[in-house]
Amino acid sequence: MLDAIAPWLPMLGALLGAGAAGGLLAGLLGVGGGIVIVPVLDVALGMAGVDPAIAMHVAVGTSMANIVPTAISSSRSHARRGAIDARLVRRWSWPIVIGALSGSLLASAVDARVLSGVFGVVAGLAALKMVLPLDDLVLRPRPPGGVLGAAIPASIGAISAMMGIGGGTLSVPAMTLCGEPVHKAVGTAALLGLWISVPATLGYLLADASAASVPPGTVGYVSLAGLAIIAPEAWAMAPLGARLAHSLDRRRLSAAFGVFLLVVAGRMLYRTLA
């Protein structure tokens, strides 16, 4: 019995750790946790013998499903601290929903290297913005309206759905460049992660994966077993991350976000080019 379970223990440990780290980062940085869960799931699925051509799709779809409860937990904690821009959430909601659903449908149809490449490039660009001392760089005093005001959240939703993340990787830098204080940007991004994750998860659940060798217990590209392991830890740790976010200064929060993204971006670009 023990001999049969032993090969799966490293993967179980990795998933438990990813859930806890993902929840902590969701609250701390408003990123939904997918930025750490996707690469860990990708490696864990490879350890379990899943075809690399399918592993990235399942990692992205499962991560997106996990963001639903994580975003609820994290955004509630930020809301209690008054760190959500409700007006911006109302303006960005529909464009971000449409973008997220479109992105998940597109991701289900493209090669795994496309997904890892998108992940690596976008994470790397966002990391540079947060690591460099550009906190005072503001392109606009407030987020734009009109067509551009709709195009920004729609693009964030689409790219985030393809990356399996809650959108904070893109929406936090976008909001800070438009004059939003970083703590409020993180809280707002946490709530917008729910607007991204629900339609994107629906797209991954409905994806036709019948021709793919997906792991047992997978619906579309969402692993229900992986979700059951990751989600409880992520839910529990998100409020702690939110409390830490409001105890750190602006520069440390931005730097922590950026350094982590650089590491993840490098790993994903290596996967794409290897």
Membership question, hydrophobic clusters at under 4.5 Å side-chain separation (ILVMFWY): are [Y] and [X] in the same one?
{"X": "Ile84", "Y": "Leu88", "result": "yes"}
{"X": "Ile98", "Y": "Leu191", "result": "no"}
{"X": "Leu170", "Y": "Leu148", "result": "yes"}
{"X": "Val131", "Y": "Val263", "result": "no"}
{"X": "Ile37", "Y": "Leu227", "result": "no"}

Rounded to the nearest 0.5 Å, what separates atom [atom1] in [X] from atom [atom2] in [Y]?
{"X": "Ser74", "Y": "Met237", "atom1": "OG", "atom2": "CE", "answer": "12.0 Å"}
{"X": "Leu45", "Y": "Thr62", "atom1": "CG", "atom2": "OG1", "answer": "7.0 Å"}
{"X": "Leu106", "Y": "Met162", "atom1": "CG", "atom2": "CE", "answer": "4.5 Å"}
{"X": "Asp85", "Y": "Arg142", "atom1": "CG", "atom2": "CZ", "answer": "11.5 Å"}
{"X": "Asn66", "Y": "Ser223", "atom1": "CG", "atom2": "OG", "answer": "11.5 Å"}
{"X": "Leu224", "Y": "Leu205", "atom1": "CG", "atom2": "CG", "answer": "7.5 Å"}

Specify the closest pair of heavy atoms between [X] and [Y], including all atoms of both residues, with the distance to one decimal.
{"X": "Ile67", "Y": "Ile165", "result": "CD1-C, 3.3 Å"}
{"X": "Ala71", "Y": "Ala190", "result": "CB-O, 3.6 Å"}
{"X": "Thr188", "Y": "Val89", "result": "CG2-CG2, 3.7 Å"}
{"X": "Pro173", "Y": "Thr176", "result": "O-OG1, 3.0 Å"}
{"X": "Leu194", "Y": "Val68", "result": "CD1-O, 3.7 Å"}
{"X": "Ala161", "Y": "Val60", "result": "O-CG1, 3.6 Å"}

Heavy-atom check, side chain of [X] versus side chain of [Y], under 4.5 Å:
{"X": "Ile152", "Y": "Trp92", "answer": "yes"}
{"X": "Phe119", "Y": "Pro39", "answer": "yes"}
{"X": "Leu192", "Y": "Ile156", "answer": "no"}
{"X": "Ile72", "Y": "Trp235", "answer": "yes"}
{"X": "Val38", "Y": "Met268", "answer": "yes"}
{"X": "Pro199", "Y": "Ser104", "answer": "no"}
{"X": "Met163", "Y": "Met64", "answer": "no"}
{"X": "Arg140", "Y": "Leu177", "answer": "no"}

Output yes when a side-chain donor or acceptor of [X] lies under 3.5 Å from a complementary backbone atom of [Y], and no otherwise.
{"X": "Arg91", "Y": "Arg87", "answer": "no"}
{"X": "Ser155", "Y": "Ala151", "answer": "yes"}
{"X": "His57", "Y": "Val110", "answer": "yes"}
{"X": "Ser63", "Y": "Gly164", "answer": "yes"}
{"X": "Thr218", "Y": "Tyr221", "answer": "no"}

Might you work through the side-chain hydrogen bond (donor to acceptor under 3.5 Å, both in side chains) test for Thr272 and Ser116, ending with a clear yes or no?
CA-CA 6 Å; Thr272 302; Ser116 58; 2.7 Å; yes
Hydrophobic cluster (4.5 angstrom, side-chain heavy atoms) - remaining members for Leu202
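Taking Ile, Leu, Val, Met, Phe, Trp and Tyr as members, Leu202 shares its hydrophobic cluster with Leu206.
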Considering only residues two or more places apart or on different chains, which pairs with a residue in residues 37-63 satisfy salt bridge (charged side-chain N to carboxylate O under 4.0 Å, His left out)?
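For residues 37-63: Asp42-Arg267, Asp42-Arg271.
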